[in-house]
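Each residue takes its place number in the sequence, starting with 1. Every heavy atom of this structure was used, including side-chain atoms; hydrogens, water molecules and symmetry mates were not.
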Amino acid sequence: MNFSKAKDTYRKNAIVQRLMAKKLITEVTKKYGSNFDYILEIGAGTGLLTDEIVSNLRYNRLYLNDLTENFTGISPYRYYQGDISGILRCNLKEKFNLIISNAVFQWIEDKQELFSRLKDRLQNKGLIAFSSFGHKNFCQIKDIAGLGLNYESFAPFLKKTGLKILYFEEELETLYFKDMQNLLEHIKLTGVGTSKTLWTKKKYEMFKEEYLKNFSDKNGVELTYHPVYYICSTEQE
């Protein structure tokens, strides 16, 4: 993932991720209110979700985590820099009423361990709320080049961990770009590149030609996002 290189342009260009952050907070407050004493946000990044938390939730302490330094502009009570899996294993002792994350968990390799450790950090009746992406995310790129993350369903990991899915929703959001250059620039500026594969110039040009032939029309060149939303809690409420 190239997020650290794209931090200065991410907020401007992360159109879908911003919508996801707003929807995630909307669903949490609509169903479970806005009072959460202790909140942990995983993968705070430049603060798209953090802004929504600060504007819409009431809390006593807000804890933030990200791989990079704190770019949110928020001064939380505690900032955990580093890989969340390692932090959960070694450093994190607090328990939370709400653990929340936007467009991050697709990058976690051991999802079973993640949810198991997050469950241990929940207070009684605490919630885990997160958004991520489904298997149709960037489906055009996968169709043409066979590249992309393996977007697994989170449901089996949650159920095996003993977390109850209280809410689930998925959407398809298709963006249209003026040309291939704009589309590829969008991917670069949001730091969500799909592969580290080194392409030859010939292969790259063939990819662009095939993409335009299959996925462009009068609206422009299309790129599909597949947001998914979960709100979970322990089985014993």
Quick check: do [X] and [Y] have side-chain heavy atoms less than 4.5 Å from each other?
{"X": "E152", "Y": "Q106", "result": "no"}
{"X": "K95", "Y": "Y38", "result": "no"}
{"X": "I53", "Y": "L62", "result": "yes"}
{"X": "L163", "Y": "F157", "result": "no"}
{"X": "I128", "Y": "L158", "result": "no"}
{"X": "I25", "Y": "L49", "result": "yes"}
{"X": "I87", "Y": "Q81", "result": "no"}
{"X": "L67", "Y": "I84", "result": "no"}

What distance do [X] atom [atom1] and [Y] atom [atom2] have between them, rounded to the nearest 0.5 Å?
{"X": "I108", "Y": "S85", "atom1": "CD1", "atom2": "OG", "value": "4.5 Å"}
{"X": "T50", "Y": "I74", "atom1": "OG1", "atom2": "CD1", "value": "6.5 Å"}
{"X": "K208", "Y": "D179", "atom1": "NZ", "atom2": "CG", "value": "9.0 Å"}
{"X": "I99", "Y": "R117", "atom1": "CD1", "atom2": "CZ", "value": "13.0 Å"}
{"X": "D83", "Y": "W107", "atom1": "CG", "atom2": "CH2", "value": "13.5 Å"}
{"X": "L57", "Y": "N97", "atom1": "CG", "atom2": "CG", "value": "11.0 Å"}

Would you please test S34 and R58 for side-chain contact (heavy atoms from CB on, under 4.5 Å) and show each step?
CA-CA 6 Å; S34 57; R58 291 189 289 273; 3.2 Å; yes
Contacts of type side chain to side chain contact (heavy atoms under 4.5 Å, CB included), residue E173, not counting sequence neighbours:
V16, E171, Y225, P227
Hits for side chain to side chain contact (heavy atoms under 4.5 Å, CB included) against R18, two or more places apart or cross-chain, chain-then-number order -> R11, K22, L48
What do the steps show when you test F177 against L223 for side-chain contact (heavy atoms from CB on, under 4.5 Å), and what is the final call?
CA-CA 8 Å; F177 299 87; L223 180 68; 4.0 Å; yes
Given the ring of Y77, does R61 sit roughly above its face, with NZ or CZ under 6.0 Å from the centre of the six-membered ring and within 45° of the axis?
yes
Go through it in stages, so that I can follow the logic: the residues are Y80 and L64, the test is side-chain contact (heavy atoms from CB on, under 4.5 Å), and I'd like the CA-CA distance, side-chain angles, deciding distance and then a yes or no.
CA-CA 6 Å; Y80 289 100; L64 302 181; over 6 Å; no
Report the residues that fulfil ring pair (Phe, Tyr, Trp, His ring centres under 6.0 Å) with Y167, sequence neighbours left out, ordered by chain and then residue number.
none
Do [X] side-chain atoms and [Y] backbone N/O form a donor-acceptor pair below 3.5 Å?
{"X": "T29", "Y": "T26", "result": "yes"}
{"X": "K119", "Y": "T161", "result": "yes"}
{"X": "N214", "Y": "E210", "result": "yes"}
{"X": "S153", "Y": "A155", "result": "yes"}
{"X": "Y79", "Y": "E69", "result": "yes"}
{"X": "N13", "Y": "H186", "result": "no"}
{"X": "S101", "Y": "I42", "result": "yes"}

Taking it one step at a time, do N60 and I39 satisfy side-chain contact (heavy atoms from CB on, under 4.5 Å)?
CA-CA 8 Å; N60 182 26; I39 300 175; over 6 Å; no
F105 and F130: CA distance, side-chain angles, deciding distance, ring pair (Phe, Tyr, Trp, His ring centres under 6.0 Å) verdict:
CA-CA 8 Å; F105 286 175; F130 67 95; 5.0 Å; yes
Pairs under 3.5 angstrom only: tabulate donor-acceptor contacts from the side chains of residues 137-150 to other protein residues two or more places apart or in another chain.
from : atom 1 : to   : atom 2 : distance (Å)
N137 : OD1    : H226 : N      : 2.9
N137 : ND2    : Y151 : OH     : 3.1
Q140 : OE1    : T224 : N      : 3.1
Q140 : NE2    : E222 : OE2    : 3.1
Q140 : NE2    : T224 : OG1    : 2.8
K142 : NZ     : L149 : O      : 3.0

Let me see the working for K136 and E170 under salt bridge (charged side-chain N to carboxylate O under 4.0 Å, His left out), right down to the final yes or no.
CA-CA 11 Å; K136 294 182 181 179; E170 60 183 332; over 6 Å; no
Centroid separation Y230 to F168 less than 6.0 Å:
yes
Mind listing the closest non-hydrogen atom pair of P76 and N70 along with its distance?
CD-ND2, 3.6 Å
Can you see which heavy atom on Y59 is nearest to which on F36, and at what distance?
CB-O, 3.0 Å
Hydrophobic clusters here meaning ILVMFWY residues chained together by side-chain heavy-atom distances under 4.5 Å, can you tell me if [X] and [Y] are in one?
{"X": "L184", "Y": "L175", "answer": "yes"}
{"X": "V221", "Y": "Y204", "answer": "yes"}
{"X": "I231", "Y": "L19", "answer": "no"}
{"X": "F215", "Y": "L212", "answer": "yes"}

Going by atom types alone, do S131 and N102 pair a side-chain donor with an acceptor below 3.5 Å?
yes
Please identify each residue that fulfils side-chain hydrogen bond (donor to acceptor under 3.5 Å, both in side chains) with E209, with sequence neighbours left out.
none
Would you call the rings of Y211 and F207 parallel, tilted or perpendicular if under 30° counts as parallel and over 60° as perpendicular?
perpendicular
Is the CD atom of Q181 crowded by more than 12 outside heavy atoms at less than 6.0 Å?
no
Salt bridge (charged side-chain N to carboxylate O under 4.0 Å, His left out): which pairs involve residues 25-44, sequence neighbours left out?
K23-E27, E27-K30, E27-K31
After noting the C-alpha distance and the side-chain angles of E94 and R121, does the key distance pass the salt bridge (charged side-chain N to carboxylate O under 4.0 Å, His left out) rule?
CA-CA 7 Å; E94 296 84 1; R121 304 269 44 90; over 6 Å; no
Quick one: do K202 and E205 satisfy salt bridge (charged side-chain N to carboxylate O under 4.0 Å, His left out)? Show the steps, please.
CA-CA 5 Å; K202 181 179 179 181; E205 292 302 323; over 6 Å; no
